[in-house]
Amino acid sequence: MSDLSEKDIEVFIEAIGNYFKQATKEAAAIKVAYLAQNAFPMNDYTGKIMVSDGYEGALYFSAPSAMLRHLLTVMKETNQSEENLLDAVGEIANTISGNARKYFGENMVISIPEKIANLSENLAQQARSYAYVIIIKWKHYSASLIVDISRNR
Amino acid sequence: MSSNSTSNHKQQLGTLNKYRGIILAVTLFLVFNLAVLGLNFYTSSTLDGDAVSINLSGRQRMLSQRTAKVLLAIQVDAAQGKFDAKNTEELKKVSSLFDTTLNSFKTGGMVLGGNEKPVFLPKVNDAASIKAVDEALLIWQPYKKLLESIIQSRVIDEVRLDLATDYARENNLKLLKLMNNLTTQLEQNTKTKASHLQLIQTIALVLSLLLFANIVFNALRKLRAADGEIEKAQRETTEILNTVKEGLFLLDPELAVGSQISRSIDQILQHEVSANMPFMPILQQLVSDEIYTSSKDYIQLLFGNKVKESLMLSLNPLSQVKVLTKDDSAPRYLSFQFNRVVENKQVLHLLVTVQDVTEQVTQAEELAKLKGQSNINLELLKALLQADAFQLRQFLNHTHSNLAVINDILANADKRAATHTDMVNQCFRIIHAIKGESAAIGLQAIQALAHQFEEHLVFLRKKNEWDAQEILSLPVMLSAILEQITQIETITDFMQAHHQANHSPESPPSISTSVANNLKRLAEQVNQSQNKNVQLNLELTLLDQMDTKTVHQLQQIGIQLIRNGICHGIESADARLAKGKPSHGEISITTRMNQEGIIDFIVRDDGQGIVPNRIRAAMLTSGRYSSEIVHQLSDKEIVAKLFEPGFSTSNGTDQDAGRGVGMDLVQSLINEIGGELKIDTKADVFTQFSFRISKHAKPSINLNATEDVI
């Protein structure tokens, strides 16, 4: 089993940072990064993309509803229904997968994002015994990026 | 000269040395007997000469009487007016013979013997004989003249005849007596000589017998000793063959099994093997036809002597072979090794070593089956197989919880008031301890990862702001170590399960033994990388009475102080020799309990000591401290600097030292235990860290200690 490098992981963070910067002119930044086996810091809404082929596992971007509402407001979106909040988190996940495709190329097959509300803090399936937890701040909000991806060989 | 002839020569020399005593005794025996034989020849030739003397001396007696008798007969004839020329002729012959013989007794010379042949008569030597001969000559000389006048006269001169017969009557008996005395004396001389000879011969015989007995005794002793050695060697061979786990036997060029066979062979081959049994049919029952054919070629090639044995190793079709089992029992794997037994460049035999490698093969197969384990590092596997299971388990538990502490520090980084430097220092201590422990337990992969982690922390310590990649780098490095630890845990669990399934439970080594093994392994490793020769003396039995947490903390202190001792304390061999010290250094770690039951933990090295001015100089050279600061500090403050996080006087860093975290870690561990550290040191003599386990935690430093500090 081989691990992802910090450069690999940074691709996902950059995608989020850039998304916020383009959408709100204010970049989101990494504050803390650590490992977790369970009790992942899940927020109200989570976008999940799964990877396969050269890699296995999944990536989760999970944000609190207040952060997403603030984002929609800044983006001048007045409809802040749960569906729209899920769409917002899904779009961020989609941006991440787009960047990842560019970076990892054909080696990483990436699924269509799944949008989930109130995802359990313990994952049903886990590719890594220790997944990366990255706390990303935008304004005073904290979102979580959980990278549970391992490289096959 | 080939090595063969040299070895033959050596062998001959060895045999000569072995039998030197016997060869010497036999030579002495022969020389001695030859000498006695020579003496015998000499003496018997002397005795022959003596016999001639005795005979001729006896004849003188007879000649003196014949002379007188013939003289009287001539006188009787003359009185009757007769003259017999025969008598005169006999007188001439007899007196001449007497005269020659008597003179020869005096001076030595040739005379006519009893058989009318000339014989050499030696002159007499002893005083009594000389006296007899001299007295006889005195009587004989006038007698001879009187007789000559009768012999030479052509007519009978009665006056001369009367004078001669008168002289004869007067001296004949004296002459006879003197000749008698001479004979007796000569006989006596011979008798004495003969008895001397007898004595010498008796002594020679006794000595010769003694020598012979000595030779026989020595030879028997040597034979007995040689027999004893052969018996011992045979007994040892039998013991080895009965005990050794491997199947061992010799194969002759006819491919028959030799007479010495290890007991385990029957079980390994599952076939009865006895001396002179043909080997190939046994093999044929064990392996497939294809392997059998190639094995036959391989063995014949080995006997062929043309190809180097080392080149053929990889060709061995039996190096790991699955053997056919009679029933449906589990598959078995055997390993056959063949080694040439060469004498005088001829392959006499092949030494065959057979091992049952089923366990290793199945273990390797099962390991490979473990998910994701196909790339298991062989070095890691080797280290794990050699490591002490109990210590390994403890290390894994500690490391797991220590890495969890680092992860916790990372997770709470934004909530902490503390600075990045504090965070780095905290992580540093933990990683440094993991590095030390993994080195001690022999897990180089973890040691290398921890070292990388340390290097990264040093880099981060210098930066006030961390970018995304830098923040991410810490969990990535942590993950690498955790992955490794998880892999080790999986393998260890597997090995333990396998071991328990295959072996009866064994009691683990004592804690103190495990700690001692770890510390020795570490010292060996640091010795190698620092090119030093430091001997470790350990007395740690008290550790067996302590709880595992304290033992673990003390082991960590030991690890740091050994590392520091070898890197900084003990001088290079040249420097030590220049100071009049032995070239190798010594570090001793002792646990000692006093009467109150308080335990001291003492680490002492015979290195250069802690010298404040040297630390000052090193601080200035490192360029990290200003001259002002360095000179403001007192000696004790300078030494106390050693305990500050990040303090190092080393210009470079390597696996072992130079990060300036060792003493910081030692202090923090002592704080955890709640103890009292005392440093005693003397420049160029020693440094001693003694640590009393109590509730006091400030180091006390004595820079002018005497050597008998305990």
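Atoms considered below: every heavy atom in the structure, side chains included; atoms not considered: hydrogens, waters and symmetry mates. Reminder, nothing fancy here: chain letters follow the sequence lines and each chain counts from 1.
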Spacing of CG belonging to B:Leu522 relative to OG belonging to B:Ser438, to within rounding of 0.5 Å: 9.5 Å
Going by an N to O cut-off under 4.0 Å, is there a salt bridge joining B:Arg393 and B:Asp493? yes
Closest-packed option against chain B by number of heavy-atom pairs under 4.5 Å, given A:Ile134, A:Ile9, A:Val133: A:Ile9
Side chain, backbone, both or neither of A:Ile13 within contact of chain B (heavy atoms, under 4.5 Å): side chain
Side chain, backbone, both or neither: which part of B:Ser473 has a heavy atom under 4.5 Å from chain A? both
Could you tell me whether A:Lys21 and A:Glu26 have a side-chain N and a carboxylate O separated by less than 4.0 Å? no
Taking side chain as everything from C-beta outward and backbone as N, CA, C, O, which of these in B:Ala480 sits under 4.5 Å from a heavy atom of chain A? Side chain, backbone, both or neither. backbone
Top residue by heavy-atom pair count (under 4.5 Å) with chain A, among B:Thr486, B:Leu474, B:Ile406, B:Leu482? B:Leu482
Cut-off 3.5 Å, side chains only: do A:Asn99 and A:Glu14 have a donor facing an acceptor? no
Does A:Thr46 use its side chain to pair, donor to acceptor, with the backbone of A:Met42 at less than 3.5 Å? no
Relative to chain A, which of B:Asn407, B:Leu478, B:Leu410 shows the most heavy atom pairs under 4.5 Å? B:Asn407
Under 4.5 Å from any heavy atom of chain B - which part of A:Leu35: both
Here the gap from B:His400 atom NE2 to B:Leu396 atom CG, rounded to the nearest 0.5 Å, amounts to 7.5 Å
